[in-house]
2 protein chains.
Amino acid sequence: MPFSIRQIAKLAGVSNATVSRVINGSDLVTPETTQRIQEIIRDLKFVPNRSAARFKNGKSQIYGAIVPDLTNPFFMETAKIFEELLVENELELLVSNTDFHLSRTQLSIHRMLLRRVDGVAFMCSEREAASLESLVQNRIPVVTTDHHRTAPGISDIVVDFRDGMAQIVGHLKELGHRDLGFIGGTDDLATSRDRRDSFLDAVVRFGLSSQDSWIMPGNFRISGGAVGMETILKQERRPTAVVTANDLTAFGALRKVHEMGLRIPEDISLTGCDDIEMSDVVYPPLTTLRISRRQYAQMLFEALQTGAEDLTQPGKVFSLPMKLVVRQSTGPAPAR
Amino acid sequence: MPFSIRQIAKLAGVSNATVSRVINGSDLVTPETTQRIQEIIRDLKFVPNRSAARFKNGKSQIYGAIVPDLTNPFFMETAKIFEELLVENELELLVSNTDFHLSRTQLSIHRMLLRRVDGVAFMCSEREAASLESLVQNRIPVVTTDHHRTAPGISDIVVDFRDGMAQIVGHLKELGHRDLGFIGGTDDLATSRDRRDSFLDAVVRFGLSSQDSWIMPGNFRISGGAVGMETILKQERRPTAVVTANDLTAFGALRKVHEMGLRIPEDISLTGCDDIEMSDVVYPPLTTLRISRRQYAQMLFEALQTGAEDLTQPGKVFSLPMKLVVRQSTGPAPAR
DNA sequence: ACCCTGAATGTAAACGGTGTCAATGAATTT
DNA sequence: AAATTCATTGACACCGTTTACATTCAGGGT
């Protein structure tokens with residue numbers, strides 16, 4: 001039942017080439033012929049098989065996105081805009097979730113290879129990036145985030161945490177805070193180290209203080225934030241403000257603060273990072289660092305488009321700015 | 001550089017058919033030949049083009065998901081499990097976001113057609129379902145949710161709101177509530193009417209009361225919940241509990257309650273629907289109706305698998321149960 | 001009348017696999 | 001030694017498009 005171009009051609013009494021030309025809007029065909037063929041196409045509700053077309057010229061017109069956590073709103077808000085950009089360019093989006101697992105990540109990469117996608121937005125950490133070269137070897141450009149490492153065909157987008165953390169710490173200093181804690185990601189990720197080091201750097205730069213027992217690892221998820229905050233709050237001497245590496249972490253921390261009967265920001269200030277939609281909905285609304293999804297998605301797209309042009313070119317580095325959004329989870333430091 | 005099966009064949013001094021057999025693990029090939037070819041494949045890092053393979057037998061091995069709002073955690077949590085199921089079955093997931101727009105929905109459907117996907121999980125409302133038949137005409141099975149309508153090749157999953165709302169309303173009655181409000185979805189959607197009618201039904205069944213001015217439309221997003229709750233709270237006579245049609249709506253309502261200086265659940269009780277991960281993180285944690293993502297995803301998958309077997313069979317109807325999850329956004333009704 | 005030009009269309013070969021059928025040749029049977 | 005079987009492999013058509021090239025034919029210039 002799904003017709004082919006040849007069947008349309010037969011019905012119209014022309015060759016398949018002519019039908020193909022009509023479909024692609026070539027001006028080499030007589031208006032009469034064009035109209036006749038278009039009528040048949042319309043009557044039969046014929047839809048050309050674009051996969052076959054792309055297969056012919058070696059491109060799939062599909063981009064893949066490999067994400068560690070499909071349910072993380074930050075990825076999804078980005079993916080949504082990314083998909084819009086793709087659709088505008090007649091591309092499709094294939095998503096693959098890895099759940100932070102190395103083995104699943106490698107499978108994802110391999111599946112992208114099997115499908116011959118035209119580009120991969122790899123949103124996992126560099127720890128899981130083992131076989132990205134196999135994509136490039138197969139002429140598939142890649143864009144990563146916060147890997148701090150590029151290679152021919154592999155571009156990197158780096159979030160400007162140094163500047164972001166300076167904004168956050170500066171804001172807290174203005175509010176009178178001196179003792180800051182931090183809940184980050186798992187230590188084996190460059191982006192975790194990056195965020196933590198940027199934080200510590202800013203603390204020093206602004207002449208504030210922190211201490212090892214207030215610097216907690218996390219997992220970029222709600223659960224990690226809760227555990228980290230619990231550990232911090234159980235200590236005899238506590239920071240008056242806690243900075244976290246992403247909003248989900250902050251949410252977990254926030255819940256834990258409530259559970260332990262403390263108030264935000266009266267007893268302790270809390271900040272996040274990403275500014276996902278929910279940040280404005282939790283109580284109290286979260287002071288956080290915003291990363292523009294649109295800017296991010298556009299960088300992903302641009303990196304893959306330019307990457308495809310010449311895979312022997314060294315990958316580019318894009319810098320993604322952060323912007324402080326002050327809400328109600330930060331307030332004046334409590335008197336000691 | 002991306003090799004083809006024929007180049008491998010030439011290097012191995014065999015025909016492409018033999019290479020194909022090795023790739024697919026046929027036992028018709030001598031162990032020695034198999035090994036020799038496998039070595040070449042490994043050395044050259046050759047990855048067969050699965051799209052070409054599937055193209056040959058007319059299947060793309062890709063399922064499409066059309067969702068109205070990619071950032072809605074409920075969809076994403078479902079999509080995540082759905083994708084897992086697909087991967088286990090050597091299928092891929094193509095996502096398409098419509099932002100609740102009719103025109104974008106039709107474009108999405110058309111793109112699924114262009115790509116000849118093997119099935120479509122259509123998670124938008126029936127209002128946007130105009131051209132679903134075009135999919136079936138092209139032998140693509142479809143599964144919808146809460147359309148309350150099936151057709152050959154189109155199955156429907158219906159969420160059991162009747163039972164769910166009875167659980168919620170029963171719970172509120174036990175807490176002493178008598179006057180209940182409701183914030184739903186847009187009135188032109190069957191699922192909105194369904195949820196609202198189920199609510200009203202339960203109110204009557206349990207001998208409680210409501211009134212027109214407490215029954216607000218919404219949009220299944222945070223913004224709609226905020227607007228709806230504001231309208232309810234501004235009235236002279238207020239309900240003591242408000243039931244909402246999904247968690248995002250409840251989040252918006254919750255924020256509005258805070259903004260107006262009221263407390264939950266002391267001043268007003270609030271319930272959601274879906275039980276997304278954030279429901280346990282907002283303050284206070286939300287009493288809600290849980291829909292099992294796994295069950296939902298499995299139904300989607302099963303519907304498409306069985307739908308593909310025979311597209312002339314009438315579509316099936318699946319029923320998805322709901323389960324009350326009591327948290328802290330509901331409490332005893334305030335004394336009048 | 002003849003050649004040339006160029007527009008409109010047709011022909012056929014790709015693209016990268018799969019799968020059917022035929023061919024080969026060694027081993028077994030008679 | 002001839003016939004038969006069977007395991008292994010090869011040749012080739014096919015899936016639905018695109019596209020380089022060939023063909024046709026009408027009209028214009030000489």
Side-chain angles (χ1 to χ4, degrees), chain A residues 1-38 40-41 44-62 90 111 113-118 138-140, chain B residues 1-38 40-41 44-62 90 92 113-118 138-140:
Chain A
M1 178 69 83
F3 298 99
S4 82
I5 221 172
R6 279 180 231 273
Q7 298 175 51
I8 303 295
K10 189 169 292 178
L11 287 171
V14 298
S15 76
N16 50 347
T18 303
V19 177
S20 173
R21 283 189 268 257
V22 168
I23 288 171
N24 293 289
S26 161
D27 53 358
L28 290 168
V29 187
T30 310
E32 298 88 62
T33 316
T34 303
Q35 198 186 339
R36 185 157 46 93
I37 294 177
Q38 278 176 341
I40 296 180
I41 288 178
L44 266 54
K45 297 188 205 297
F46 166 69
V47 180
N49 185 332
R50 189 180 281 180
S51 292
R54 299 318 171 194
F55 162 60
K56 164 67 170 98
N57 65 22
K59 292 284 167 199
S60 62
Q61 302 275 100
I62 295 177
E90 306 238 288
R111 279 173 19 233
L113 228 41
L114 285 169
R115 291 292 176 175
R116 297 287 194 276
V117 297
D118 293 345
N138 285 273
R139 302 225 175 294
I140 300 175
Chain B
M1 177 70 83
F3 298 98
S4 82
I5 218 172
R6 280 177 230 273
Q7 298 175 52
I8 303 295
K10 188 168 294 179
L11 287 171
V14 299
S15 74
N16 50 344
T18 304
V19 177
S20 173
R21 283 189 271 257
V22 168
I23 288 171
N24 294 288
S26 162
D27 54 356
L28 290 169
V29 188
T30 311
E32 298 87 61
T33 315
T34 303
Q35 200 189 337
R36 187 158 44 93
I37 294 176
Q38 277 176 342
I40 295 180
I41 289 177
L44 268 54
K45 299 188 203 298
F46 167 69
V47 180
N49 185 333
R50 189 181 281 178
S51 292
R54 297 321 170 191
F55 164 59
K56 167 67 167 88
N57 66 22
K59 292 285 169 199
S60 62
Q61 302 276 98
I62 296 178
E90 307 236 288
E92 231 68 48
L113 226 43
L114 284 170
R115 291 291 177 177
R116 297 288 195 275
V117 298
D118 293 345
N138 285 274
R139 301 226 177 295
I140 301 176

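Worth knowing before you read on, the calculation uses all heavy atoms, side chains too, and leaves out hydrogens, waters and symmetry mates. Residue numbers begin at 1 in each chain, while the letters A, B, ... track the order of the sequences.
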Without swapping roles, check the side chain of B/Arg116 against the backbone of B/Ser60 for a donor-acceptor pair under 3.5 Å.
no
Could you tell me how far apart A/Lys56 (NZ) and C/dA12 (P) are, to the nearest whole angstrom?
16 Å
Any residue meeting side chain to side chain donor-acceptor pair (under 3.5 Å) with B/Arg21, in chain and number order, not counting sequence neighbours
none
B/Leu113 CG to D/dG16 C1': how many Å, rounded?
15 Å
Quick one: side chain to side chain contact (heavy atoms under 4.5 Å, CB included) partners of B/Ala53, sequence neighbours excluded?
none
Contact class for A/Ser20 vs. all strands (heavy atom < 4.0 Å): base, sugar-phosphate, or nothing?
base
Report the distance from atom CZ of A/Arg6 to atom C1' of C/dA14, rounded to the nearest whole Å.
12 Å
Between P on C/dG16 and CD1 on B/Ile23, what's the gap in Å once rounded to a whole number?
13 Å
Side chains of B/Gln7 and B/Leu44: closer than 4.5 Å at any heavy-atom pair?
no
Residues 46-62 of chain A vs salt bridge (charged side-chain N to carboxylate O under 4.0 Å, His left out), sequence neighbours excluded, gives A/Arg50-A/Glu90
Below 3.5 Å between N/O atoms, which protein atoms pair up with nucleotides 5-9 of chain D? Just atom names and distances, please.
unit_1: D/dT8; atom_1: O3'; unit_2: B/Thr30; atom_2: OG1; d: 2.9
unit_1: D/dT9; atom_1: OP1; unit_2: B/Thr30; atom_2: OG1; d: 3.2
unit_1: D/dT9; atom_1: OP1; unit_2: B/Thr33; atom_2: OG1; d: 2.6
unit_1: D/dT9; atom_1: OP2; unit_2: B/Thr30; atom_2: N; d: 3.0
unit_1: D/dT9; atom_1: OP2; unit_2: B/Thr30; atom_2: OG1; d: 3.3

If we fit an axis to the first five pairs and another to the last five of the helix from C/dA1-D/dT30 to C/dT30-D/dA1, what angle do they make, to the nearest 10°?
70°
Atom CG of A/Asn138 to atom C1' of C/dG16: distance rounded to whole Å?
14 Å
Which part of the nucleic acid, if any, lies within contact of B/Arg54, taking any heavy atom under 4.0 Å across all strands shown: a base, the sugar-phosphate backbone alone, or nothing?
nothing
Report the nucleotide, chosen from C/dA12, D/dG16, C/dT18, that has the shortest atom-to-atom distance to any side-chain atom of A/Asn16.
C/dA12
Phosphate OP1/OP2 of C/dG17 contacted by B/Asn57 side-chain N/O (<4.0 Å)
no
With heavy-atom distances below 4.5 Å as the criterion, would you say the side chains of B/Arg115 and A/Ile62 are in contact?
yes
Gap between atom OG1 of B/Thr18 and atom CD1 of B/Ile5 - 0.5 Å precision:
10.0 Å
Tell me, do A/Val22 and A/Ile8 make a side-chain contact under 4.5 Å, heavy atoms counted?
no
Rounded to whole Å, please give me the gap between CG in B/Asn24 and C1' in C/dG19.
10 Å
D/dT19 P sits how many Å from A/Lys59 NZ, rounded?
14 Å
Without decimals, in angstroms, what is the distance between A/Glu32 CD and C/dA8 P?
9 Å
When all nucleic acid strands are considered with a 4.0 Å heavy-atom cut-off, which category describes A/Arg50: base, sugar-phosphate, or nothing?
nothing
Output all residues satisfying side chain to side chain donor-acceptor pair (under 3.5 Å) with A/Ser51, sequence neighbours left out; order by chain, then residue number.
none
For the side chain of B/Ala17, counting heavy atoms from C-beta on, which of D/dT17, C/dG17, D/dG10 is nearest?
D/dG10
